[in-house]
Every structure is written in structure tokens, then in C-alpha cells.
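These notes concern the structure reproduced below.
Note on naming: letters A, B, ... go to the chains in the order of the sequence lines (proteins, then strands), and numbering restarts at 1 for each one.
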Amino acid sequence: FHLGVTPSVIRERYNLTAQDVGSGTTNNSQACAQFLEQYFHESDLAEFMRLFGGKFEHQASVARVVGKQGRGRAGIEASLDVEYLMSAGANISTWVYSSPGRHESQEPFLQWLLVLSNETTLPHVHTISYGDDEDSLSSAYIQRVNTEFQKAAARGLTLLFASGDSGAGCWSVSGRHQFRPSFPASSPYVTTVGGTSFQNPFRVTNEVVDYISGGGFSNVFPRPSYQEEAVNKFLSTSLQLPPSSYFNASGRAYPDVAALSDGYWVVSNGVPIPWVSGTSASTPVFGGLLSLINEHRLLSGRPPLGFLNPRLYQQRGEGLFDVTHGCHESCLNEEVQGEGFCSGPGWDPVTGWGTPNFPALLKSLVNP
Amino acid sequence: SYSPEPDQRWMTPPGWVPLGRAAPEEELSLTFALRQQNLERLTELVQAVSDPGSPQYGKYLTLEDVTELVQPSPLTLRTVQKWLLAAGARHCHSVTTQDFLTCRLSVREAEWLLSGAEFHHYVGGPAETHAIRSARPYQLPKALRPHVDFVGGLHRFPPLSSLRQRPEPQVAGTFG
């Protein structure tokens with residue numbers, strides 16, 4: 001019985017033991033980035049770990065804050081990112097990137113990309129809560145940002161983006177409703193994280209779709225070869241496909257994976273806050289578990305995971321709990337009645353391959 | 001001249017309120033994305049280091065390797081720097097890969113450099129975030145088409161929070 005998601009609930013659901021923490025002896029590191037001009041307070045992290053971190057070894061302060069911090073009020077998103085990245089990827093050196101204090105004429109997300117192009121040494125895993133409607137961005141911008149993700153992938157960085165909190169999205173194109181894909185979630189060079197809920201919100205049970213979980217098909221990027229088989233299988237077997245006019249079936253499909261995104265406890269400005277939800281919660285959780293896998297890889301002399309998708313799809317979701325119940329939201333009209341895509345066996349555009357079963361995921365990703 | 005981003009939304013997004021014109025001598029910080037080189041080769045390398053079946057798997061590049069591969073051509077660097085200096089841009093700084101240039105310009109200089117642009121102040125979201133953005137699309141001299149991908153700081157607004165604090169889930173019946 002529990003009253004909302006805490007680190008203990010996460011570690012129980014994803015089969016983490018008290019030993020599944022960083023060793024503190026490697027150059028392993030992770031980072032979270034959010035662009036809401038929110039401040040992050042170390043005191044909140046310390047309080048969070050005092051309340052919820054008693055059962056596993058952890059660090060109670062971040063290794064580096066990139067971006068000016070001030071004395072303003074902490075933001076829930078900034079607090080959530082750090083607290084769950086450092087409790088899933090426990091005892092691993094963590095950087096926080098936030099952008100308060102930027103010049104008013106600067107674009108926060110673009111400034112973060114410049115940091116990636118300027119720092120020789122960067123954390124291996126980055127979890128980023130940022131997304132815009134694909135249709136609101138120029139193709140020049142989208143293509144160039146996609147190249148920046150390739151630069152990061154070539155350097156072995158793992159970039160995890162939240163899939164978004166509007167389900168399949170919805171907009172009207174020349175009078176007809178269509179689903180509305182999100183970028184950078186739709187980039188073929190990042191790993192996108194969707195969201196789930198417990199089937200029974202007060203127990204650690206199996207997971208079902210969180211109706212807000214972003215997902216769908218890009219209108220800009222064609223489907224990458226690594227997901228051809230998985231997506232074609234979904235399109236040919238799903239019993240609840242929306243009308244084909246709502247989405248671009250040949251586009252890059254996302255998300256790739258998922259984790260719990262509903263009902264989190266967060267400490268912000270010294271106050272424990274319940275029922276916080278969004279894929280910006282599931283993303284640091286999944287990122288923290290990948291950092292633990294990197295820890296094992298580094299300890300055995302292997303390189304970090306890097307850009308995960310080709311391997312993830314080759315292994316067909318090995319090591320992940322498949323989520324097969326539930327659909328996410330979309331257009332509220334007669335035709336689809338608010339329902340976007342629905343999850344199903346194997347990969348689907350709501351929860352990807354599913355949520356992490358840590359011991360099995362570790363086994364499938366630690367070698368080679 | 002030409003528009004590098006003809007399909008970029010430039011209307012004010014929901015949640016943001018215009019506060020009026022920026023003064024001509026106010027200072028802006030704009031980011032110029034310079035055209036890179038060898039992008040096909042970069043894509044090949046990403047496949048090679050990310051595919052477990054590849055002999056290159058896990059043999060990642062360093063930042064220096066990436067720089068050597070994608071940095072803009074000397075012609076691009078020279079052309080863009082001359083253009084910016086002529087407009088009065090100052091405090092320009094680049095990144096290791098040299099494919100981004102961030103400069104300080106006054107509103108007046110920026111509106112001269114980026115024809116069509118018109119800078120306004122905006123405020124948005126619960127945190128009352130401030131931004132200066134252009135309420136009109138911009139154009140660049142045609143000679144820059146081979147050298148500049150886009151200019152950052154004109155149209156894309158900072159994100160507003162997406163997190164929700166949902167009401168406690170109501171589960172009928174089965175639990176006390």
C-alpha cells in the first residue's frame with residue numbers, strides 16, 4: 001500500500017536492490033536539464049533524501065550546476081528532475097543544467113546545445129524535459145538540432161527526452177483534425193521516454209498507459225531503419241489504430257521506452273508535494289537506471305551505452321516490462337473521441353518497448 | 001535576401017503577452033548557427049558506434065574529432081564574421097566546434113542586420129518569464145545562404161511548465 005510514487009516505490013517496481021547504486025569509484029556521471037527558468041535548491045534535495053532516501057546509498061548534493069542559480073523560489077520541475085535522477089541513479093555524480101539568468105533574447109534549449117558543443121567532458125546520460133510542437137518549428141532549426149544530437153551520439157552521450165504530456169496531441173490542418181507530434185521527442189537520434197500509471201494507484205502493481213503519455217509519428221523525420229520491423233509489426237497487428245488520416249505512418253515513431261509518470265512526491269521550497277505527474281518525471285527515472293547500467297559497464301572496462309536506440313530495437317525490448325493496457329489522449333471529436341494510440345504487445349507508440357525491469361535490463365545491456 | 005526559416009512560427013504563442021517595442025539601444029544576445037560540413041560522414045559514424053554488431057561499437061569520438069569533422073569551412077567563418085562586424089556586433093564568442101556564434105547587438109543593429117525583424121518585450125507563464133522576441137519574420141542577405149542555417153533568439157519562446165499536479169486519484173470502492 002502506498003500513497004504515491006517515491007524512490008522506494010520506484011525501486012520496488014523496477015526490482016532495484018539496496019546494492020543497485022553507484023560504486024563511487026568510476027568516472028560515471030549523469031545530468032538533467034530543464035528550461036523553465038526554475039531554480040533548484042540543494043536544501044530541497046537534502047530534505048528529499050532525508051525523507052525518502054534512507055534505504056539506499058545516495059549523494060545528497062549535485063556535483064555541478066551549469067547555469068546561474070539564484071535565490072528565487074525553487075520550481076517543482078527543477079526539483080523533480082534532480083530528486084528522481086539521483087534516487088534512481090543513486091550515488092552517481094550528477095550535474096544540473098538550468099537556465100535562469102539567461103539573457104531575455106536567448107533561447108534556453110539552444111544555449112544548452114551550445115554547452116554540449118563546448119565541453120570536452122560531459123556526463124554520459126542526459127535527461128531533458130523540453131518539447132515543442134513539430135509544426136511550430138522551422139525545418140532549418142529542426143534539422144540543425146537533429147545534427148547536434150548526432151554530434152552527441154557520435155561522442156557516446158545518451159540523450160533521453162520526455163515524450164510530452166499531451167498524448168498524441170491534436171491540431172486542425174485545413175479543417176481536418178490530425179495528431180500533433182512533438183520535437184525533439186521525434187528525433188531519430190534521441191531516446192524518448194513515455195509515461196505509465198499503476199493499474200491500482202495505491203499499490204505496486206503492473207503498469208498501464210498514463211493517458212498523457214506523448215507518442216506518435218513524426219511529420220518531419222522518416223522512420224529510421226532500426227525501428228522498421230517493430231513499427232511495421234505494430235501497424236499490422238494493432239486492433240485499435242486511429243484513422244490513417246490522423247498520422248504519418250511512415251514517420252519516425254516514438255516513444256522508445258517508458259516509466260511511471262503519475263503521482264510523484266517532490267520536495268520543493270522545503271515542502272513535500274504529492275501527485276506531481278508528467279513525462280518529465282519518467283525521464284529522469286529511466287535515465288538513472290541507464291546510469292546504473294553504465295556503472296557496471298565502466299567497472300568492467302566497457303564504454304558507456306551511448307545512443308541506445310539501435311541496440312534497444314535489436315534486442316526487441318529485452319529487459320523491459322511490456323505495457324499492453326491503455327490508450328493515450330488525442331482529439332476530442334466524434335471520430336476518435338479523445339483516444340489516440342493504444343498500447344499492445346511489443347513496441348507501441350504510447351509506451352515504446354515498456355518500462356525497466358532492472359536486473360533483466362542490466363543483463364541485456366551490460367555486454368558487449 | 002532570403003528567409004532561412006520561412007516555416008518557423010513567429011506569432012506570439014499561447015501564454016505569452018506582448019509588452020511593447022524594445023528600445024533601439026537595448027542589447028540583445030543572438031546565436032548564429034553556422035553551416036557545418038561532412039554531415040553524411042557524421043551519420044555513418046553514429047550508426048557505426050551505436051550498432052552492437054559493428055566493429056566500431058562503443059569506439060566514440062572526442063569533441064576534437066567531432067570538431068575536425070563538422071566545423072564550418074574557412075569561407076563560412078570569414079563571411080559570417082565580416083558580415084557581423086560590419087553591423088557592429090560585439091562580444092562574439094564561438095564554441096569548440098565553431099558551428100555556433102553568439103554575439104551582442106543593439107536592437108537597432110539587429111533590426112538592420114536581420115531585415116524585417118522587429119523586437120518586442122513579452123512576459124509569460126506562472127513564473128512571469130521575460131523574453132525579447134521578434135514579432136515579424138527576418139531575412140538575410142542572399143550571399144549568406146550557404147553559410148547560415150538559422151539565427152536563434154528571434155522566434156522561439158522559452159517553454160512554459162508542462163507538469164501537472166493532478167488531483168489525488170479516486171479509486172472507487174475497493175480500498176478504504
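Heavy atoms of A/Gln143 lying under 4.5 Å from chain B are absent altogether. With a threshold of 4.5 angstrom between heavy atoms, A/Leu137 approaches chain B through its backbone and through its side chain. For chain B, the nearby parts of A/Pro304 are the backbone and the side chain; heavy atoms of each come within less than 4.5 Å. Both the backbone and the side chain of B/Pro158 come within contact range of chain A, with heavy atoms under 4.5 Å apart. Interface remark: A/Gln314 contributes side-chain atoms only to the contact with chain B (heavy atom separation under 4.5 Å). Only the side chain of A/Tyr189 has a heavy atom closer than 4.5 Å to any heavy atom of chain B. For a residue to count as touching a neighbouring chain, one of its non-hydrogen atoms must lie under 4.5 Å from one of that chain's; by this rule A/Leu116 touches chain B with the backbone only. For a residue to count as touching a neighbouring chain, one of its non-hydrogen atoms must lie under 4.5 Å from one of that chain's; by this rule B/Leu105 does not touch chain A. For a residue to count as touching a neighbouring chain, one of its non-hydrogen atoms must lie under 4.5 Å from one of that chain's; by this rule B/Glu26 does not touch chain A. Contact of B/Leu69 with chain A is not made at all, since no heavy-atom distance falls under 4.5 Å. At a 4.5 Å heavy-atom cutoff, A/Gln315 makes no contact with chain B through either its backbone or its side chain. For B/Ser29, the parts lying under 4.5 angstrom from a heavy atom of chain A are both the backbone and the side chain. Within the 4.5 angstrom heavy-atom criterion, only side-chain atoms of A/Arg297, from C-beta onward, approach chain B.
Residues from residues 36-53 of chain B that place a non-hydrogen atom less than 4.5 Å from a non-hydrogen atom of chain A comprise B/Gln36, B/Leu39, B/Leu42, B/Thr43, B/Val46, B/Gln47, B/Val49, B/Ser50, B/Asp51, B/Pro52, given in numerical order. Applying a 4.5 Å heavy-atom cutoff, the residues of residues 79-103 of chain B that approach chain A are B/Ser94, B/Val95, B/Thr96, B/Thr97, B/Asp99, B/Phe100, B/Thr102. Interface with chain A: from residues 131-138 of chain B, residues B/Ala131, B/Ile132, B/Arg133 qualify, criterion being any non-hydrogen pair under 4.5 Å.
Remark: the backbone N or O of A/Gly169 is not paired with any side-chain donor or acceptor of A/Ser166 at under 3.5 angstrom. Within the 3.5 Å criterion, the main-chain N or O of A/Asn146 finds no donor-acceptor partner in the side chain of A/Ser187. Judged purely by atom type and a 3.5 angstrom limit, A/Thr158 has no side-chain atom pairing as donor or acceptor with the backbone of A/Val125. In this structure a side-chain-to-backbone donor-acceptor pair under 3.5 Å is present from B/Thr67 to B/Leu63.
Considering only residues two or more places apart in sequence or on other chains, A/Asp81 meets the salt bridge (charged side-chain N to carboxylate O under 4.0 Å, His left out) condition with none of them.
By the 4.0 Å N-to-carboxylate-O rule, B/Arg156 lies too far from A/Asp132 to be salt-bridged with it.
Judged by a 6.0 Å distance limit and a 45° cone about the ring axis, B/Arg108 is not positioned over the six-membered ring of B/Phe119.
Side-chain polar atoms of A/Glu228 and A/Ser225 form no donor-acceptor pair below 3.5 angstrom.
If you tally non-hydrogen atom pairs under 4.5 Å between each of A/Ser117, A/Pro108, A/Gly75, A/Gly156 and chain B, the highest count goes to A/Ser117.
Between A/Phe161 and A/Tyr130, the gap from one ring centroid to the other reaches at least 6.0 Å.
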